[in-house]
Amino acid sequence: MPPGTNPTAPTRWPEEARVQDFVASFRETHHYLLNSVAIWTSQAEMASRHPEFYEKLAKSVLERADKLTELVRRTEVKLAALAPSGPADPSPPAP
């Protein structure tokens with residue numbers, strides 16, 4: 001055992017794995033959101049020149065919104081596992 005380590009100290013590996021899982025989920029959600037906004041922006045620009053693209057834009061928003069909602073909820077669950085929010089303590093901190 002390396003000097004200065006405490007054999008009774010709890011391991012942090014499970015927590016680190018959860019953090020890495022959350023980060024991966026956040027990255028996927030972030031990428032999908034930015035990609036969707038880029039697609040919607042280009043479709044909106046095309047629709048301003050060619051009105052038939054408004055229908056494609058609307059379909060794209062509806063299709064991508066479902067997956068985006070799913071990704072955000074999954075990321076939210078992973079965040080809650082890392083930092084569960086219990087009932088807030090209404091009493092002010094002691095001086």
Side-chain angles (χ1 to χ4, degrees):
M1 179 180 311
T5 59
N6 182 353
T8 60
T11 179
R12 292 203 169 275
W13 291 111
E15 185 175 313
E16 288 177 23
R18 288 191 317 214
V19 169
Q20 290 174 352
D21 189 38
F22 166 73
V23 169
S25 181
F26 181 83
R27 282 184 184 149
E28 179 184 8
T29 303
H30 181 254
H31 172 77
Y32 193 79
L33 172 63
L34 292 180
N35 191 30
S36 296
V37 169
I39 289 169
W40 296 334
T41 301
S42 66
Q43 287 177 331
E45 288 175 9
M46 288 296 292
S48 70
R49 293 185 213 121
H50 306 284
E52 63 272 11
F53 277 91
Y54 281 116
E55 185 176 345
K56 288 183 179 184
L57 172 60
K59 285 180 182 178
S60 176
V61 169
L62 292 174
E63 290 169 1
R64 289 180 160 269
D66 288 339
K67 183 173 179 183
L68 185 57
T69 301
E70 175 192 328
L71 289 170
V72 168
R73 286 185 179 153
R74 185 172 33 160
T75 303
E76 183 180 29
V77 166
K78 291 178 182 185
L79 177 60
L82 286 175
S85 59
D89 183 9
S91 59

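Note that the coordinates shown come from a computational prediction; the quantities given were computed from them, not determined experimentally.
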- Message: Around atom CZ of Arg73, are there more than 12 heavy atoms from other residues, nucleotides or ligands closer than 6.0 Å?
- Response: no
- Item | In one Ile/Leu/Val/Met/Phe/Trp/Tyr side-chain cluster, 4.5 Å: Val77, Leu79 | no
- Query: With hydrophobic residues grouped by side-chain heavy-atom distances under 4.5 Å, do Val23 and Leu82 end up in a single group?
  - Reply: yes
- In short, salt bridge (charged side-chain N to carboxylate O under 4.0 Å, His left out) pairs touching residues 33-62 with sequence neighbours left out are Glu55-Lys59
- Query: Residues two or more places apart in sequence or in another chain: which of them pass side chain to side chain contact (heavy atoms under 4.5 Å, CB included) with Thr75?
  - Reply: Phe22, Ser25, Phe26, Thr29
- Search all heavy atoms of Trp40 against all heavy atoms of Leu57 and return the closest pair with its distance. O-CD1, 3.7 Å
- Query: Between Gln43 and Phe53, what is the shortest heavy-atom contact and its length?
  - Reply: O-CB, 4.2 Å
- Message: Val37 and side-chain contact (heavy atoms from CB on, under 4.5 Å): which single residue from Thr41, Leu34, Asn35, Ile39 fits?
- Response: Thr41
- Item | pair Val19-Glu16: side-chain heavy atoms closer than 4.5 Å | no
